[in-house]
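Here's the structure we're looking at; comments come further down.
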Amino acid sequence: MHSRQRTYIDLHVHTWASDGTESPATVIREAERAGLAAVAITDHDTLAGLDEGGEAARGLALEFVRGCELTARGDYDPMHFLGLWLPREAEPIEILIRRQQERRAARNALMLERLAGLGVPVTPEELHEAGRGETRGRPHMAHALVRRGVVSSVEEAFRRFLGNGAPAYVRMDTPDPREIVSVLKSAGATVVFAHPMLIDCPEAWLFDTLSDLKQQGLDALEAYHPDYTPEQTRHCVDMAQRIGLALSGGSDFHGAVKPGLKLGHGGAGLRVPYFVLERLKALRRAQGLPE
Ligand code: AMP
Ligand code: FE
Ligand code: FE
Ligand code: ZN
């Protein structure tokens, strides 16, 4: 089947290279089985799953997009950015990621201290063994707590210990959003603000921040995300139009960490139409960037 006859895409997917539970090859196989036209692997703070994903997609009608998800500090919640169509040689992104991995490691150590102080210790070895790739974070701590029998689910681990504001939570030191957008953009990526509607902030702040980031090279807003209400999607589309940003969307699939999400679906019937991909590619052509 030619990809043009396929109707849906998924431009936000995690694998076990970061905090998902499936391998990149499995994700590609599932995306193919779901009949998607395109899928992007967008792991947190790592590009380690991309070669395996590309290899697995070779020869399939499924279009594979190399991506990543990077966290920036925000005046309210942290802000997440997706870089899409990452080049194979992406030294400035690699440097940013290495720095972020160091900060992550420091923050993980602090969180393990807090967990120990709360009487629910997780050892560095247990944290390490809870993941596969180079990224370790709160979902891996949640797994370790489940494995120890301290909690019965990842959700409970976040609610009682790890979630924003919970007793073991430590904020991660992260770069300024402008830096992330510029580094991704100058590497030739298409830059998407991930799930903007999930940030708990005044409307005017979000609008001004997005307008400002557009000047730095922001290309698109994630208007389709499983945690949105239909009203939030409409609002996001409207905001993108007013600011002059393109749209993106995906399931934010993490495998078993976030049950109930399927590739290309996400919860209650999330579907990202193929024209979203066509628009993004048209934008890349207009910018003189390869697809
Ligand atoms: P970290 O990057 O270490 O701060 O962890 C953030 C990741 O934790 C997110 O990308 C999600 O994958 C996951 N996460 C955040 N909140 C929850 C939650 N309430 N339940 C399950 N996973 C969550
Ligand atoms: Fe995640
Ligand atoms: Fe995110
Ligand atoms: Zn994500």
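In listed order, ligands and their atoms are each counted from 1.
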Residue pairs meeting salt bridge (charged side-chain N to carboxylate O under 4.0 Å, His left out), one or both in residues 116-133, sequence neighbours left out, come to E126-R148

Ranking R171, R138, R136 by closest non-hydrogen atom to atom 5 (O) of ligand 1, top hit is R138

Do the non-hydrogen side-chain atoms of D51 and R88 ever get within less than 4.5 Å of each other? yes

If you scan protein heavy atoms around atom 15 (C) of ligand 1, the nearest is F158 CE2, 3.4 Å

If you scan protein heavy atoms around atom 9 (C) of ligand 1, the nearest is D19 OD2, 4.0 Å

Here the atoms of ligand 1 under 4.0 Å from any heavy atom belonging to G137 are 3 (O)

The reported gap from CD in E156 to CG in L162 (rounded to nearest 0.5 angstrom) is 11.0 Å

Open item on the list: I'd like to know whether L221 forms a side chain to side chain contact (heavy atoms under 4.5 Å, CB included) with F193, so could you lay out the CA-CA distance, the side-chain angles of the two residues, the decisive distance to 0.1 Å, and finally the verdict.
Closed with: CA-CA 5 Å; L221 297 185; F193 194 127; 3.8 Å; yes

Exercise. With a 4.0 Å cut-off on heavy atoms, is G163 touching ligand 1?
Worked result: no

among protein heavy atoms, the one nearest atom 8 (O) of ligand 1 is P139 CG, 3.3 Å

* To do: Taking only Lys NZ, Arg NE, NH1 and NH2, and the carboxylate oxygens of Asp or Glu, determine whether D238 and R242 approach each other closer than 4.0 Å.
  => yes

**Prompt:** Does D10 reach the main-chain N or O of S251 with its side chain, forming a donor-acceptor pair under 3.5 Å?
**Reply:** yes

Kindly state whether the ring of H44 and the ring of H254 have centres lying under 6.0 angstrom apart. yes

for atom 12 (O) of ligand 1, nearest protein heavy atom and its distance come out as H254 NE2, 2.9 Å

Under 4.0 Å between heavy atoms, the region of E156 that gets near ligand 1 turns out to be neither

Going by the 4.0 angstrom heavy-atom rule, the piece of H14 near ligand 1 is neither

>> Any salt bridge linking E32 with R6? Criterion: basic side-chain nitrogen under 4.0 Å from a carboxylate oxygen.
In response: yes

Interatomic distance, CG@L115 vs CG@L127, rounded to 0.5 Å, equals 9.5 Å

Salt bridge R98-E102, side-chain N to carboxylate O under 4.0 Å: no

Result, protein N, O or S atoms below 2.8 Å from the Zn ion (ligand 4), excl. waters, equals 4

CE (M141) and OH (Y169) are apart, to the nearest 0.5 Å, by 11.0 Å

Out of R104, H44, R159, the nearest non-hydrogen contact to atom 10 (O) of ligand 1 is supplied by H44

Which atom of D19 is nearest the Fe ion (ligand 2), counting N, O or S only? It is OD2

For H44, the N, O or S atom at the shortest distance from the Fe ion (ligand 2) is NE2

Exercise. Going by an N to O cut-off under 4.0 Å, is there a salt bridge joining R178 and D212?
Worked result: yes

R107 near ligand 1, heavy-atom distance under 4.0 Å?
yes

